[in-house]
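Numbered from 1 within each chain, the chains take letters A, B, ... in sequence-line order. Owing to the predicted nature of the structure, the values given are computational and were not obtained by experimental measurement.
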Amino acid sequence: MAGFRILPRSFYRRPAEVVARELLGRYLVREAGGERLVVRLTETEAYLGAGDPAAHTYRGRRTERVRSMYLGGGHAYVYFTYGMHHCVNVVVGEVGSGSAVLLRAAEPVDGEAAMRANRGLAAGAPPAAIAGGPARLCQALGIDRKLDAATLWRGKLRLVEGDPASVETVERTPRIGVAYAGEAASWPLRFLAVEPSLAAAPRRRRG
DNA sequence: CGGAAGATCCACT
DNA sequence: GTGGATCTTCCGA
């Protein structure tokens, strides 16, 4: 059964690839507009800090935007990109490590109607369209830069125990959209919870 | 101070 | 499969 016990700060004080893997199946809880929105995490990516050419903190870069990435495990790092999208990360490691886990996809657990409204989706849109993608996830949960540096162990954006046992198989692949990062573009730091129901489903024919 | 690109998504062909 | 939207952030000059 899914638990709503808040993940302790020690959970985050570990390497990014470990936390990225263990975040699968956990629940992200967002209190907004008098409602509680809950999603189950299904896809994450690890960003390793100063030694990772794909990370915003590559070579120890310290700018105003990435300030929250150095706050230590358990904080949120929210950035704005492409002129219209937000993405949310879970900061991991010790204070000053500059490492984090990007939350790339999740599926609705509670408050689905409100999330559909946040996304402006038509009634018939499939559940995967609600939070299947880093910017979609933020839009569904109403996450923007006001939540940058938020504490995930208390407040209006929280990470809880969830249902990690529901993740039967984890697939690892290179990260998405980091072709500029040279060799690091091939590092297998993307983690996906393989859904048995989807794995068994017939494949769509290619065109 | 200007230019370029971005950890994306959507509509259209 | 391709391109447009849209603007913050960063870096080099």
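- When both pairing distances are held under 3.5 Å, B:dC1 makes a Watson-Crick or G-U pair with C:dG12.
- When both distances must be under 3.5 Å, the Watson-Crick or G-U wobble mate of C:dT6 does not exist.
- Close placement of the A:Tyr79 and A:His56 rings is indicated, their centers lying within 6.0 Å of each other.
- Comparing the same atom, P, in C:dG3 and in B:dA5 gives a spacing of 16 Å after rounding to whole Å.
- Aromatic ring orientation, A:Phe4 versus A:Tyr27: perpendicular (interplanar angle above 60°, classes split at 30° and 60°).
- When only modelled atom types and interatomic distance are considered, A:His75 and A:Tyr12 share no side-chain donor-acceptor pair under 3.5 Å.
- Where DNA chain C meets chain A (any atom under 4.0 Å from a heavy atom), the bounding nucleotides read 5' to 3' are C:dA5 to C:dC11.
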For this session: Tell me, with the steps shown, if A:Arg172 and A:Phe191 meet side-chain contact (heavy atoms from CB on, under 4.5 Å).
Result: CA-CA 5 Å; A:Arg172 291 185 68 161; A:Phe191 297 79; 3.6 Å; yes
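- The cationic group of A:Arg14 lies under 6.0 Å from the six-membered ring centre of A:Phe11 and within 45° of the ring axis, placing it in a cation-pi geometry.
- For the salt bridge (Lys or Arg N to Asp or Glu O under 4.0 Å) with A:Asp52, the lone residue among A:Arg61, A:Arg59, A:Arg175 that qualifies is A:Arg175.
- Checking side-chain atoms of A:Arg136 against main-chain N and O of A:Gly132 turns up a donor-acceptor pair under 3.5 Å.
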For this session: Assign a letter to each nucleotide of nucleotides 2-11 of chain B from its 5' end: B, base within under 4.0 Å of a protein heavy atom; S, sugar-phosphate only; -, no contact.
Result: ----BBBSS-
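- Between the side chains of A:Arg62 and A:Thr57, not a single donor N or O lies within less than 3.5 Å of an accepting N or O.
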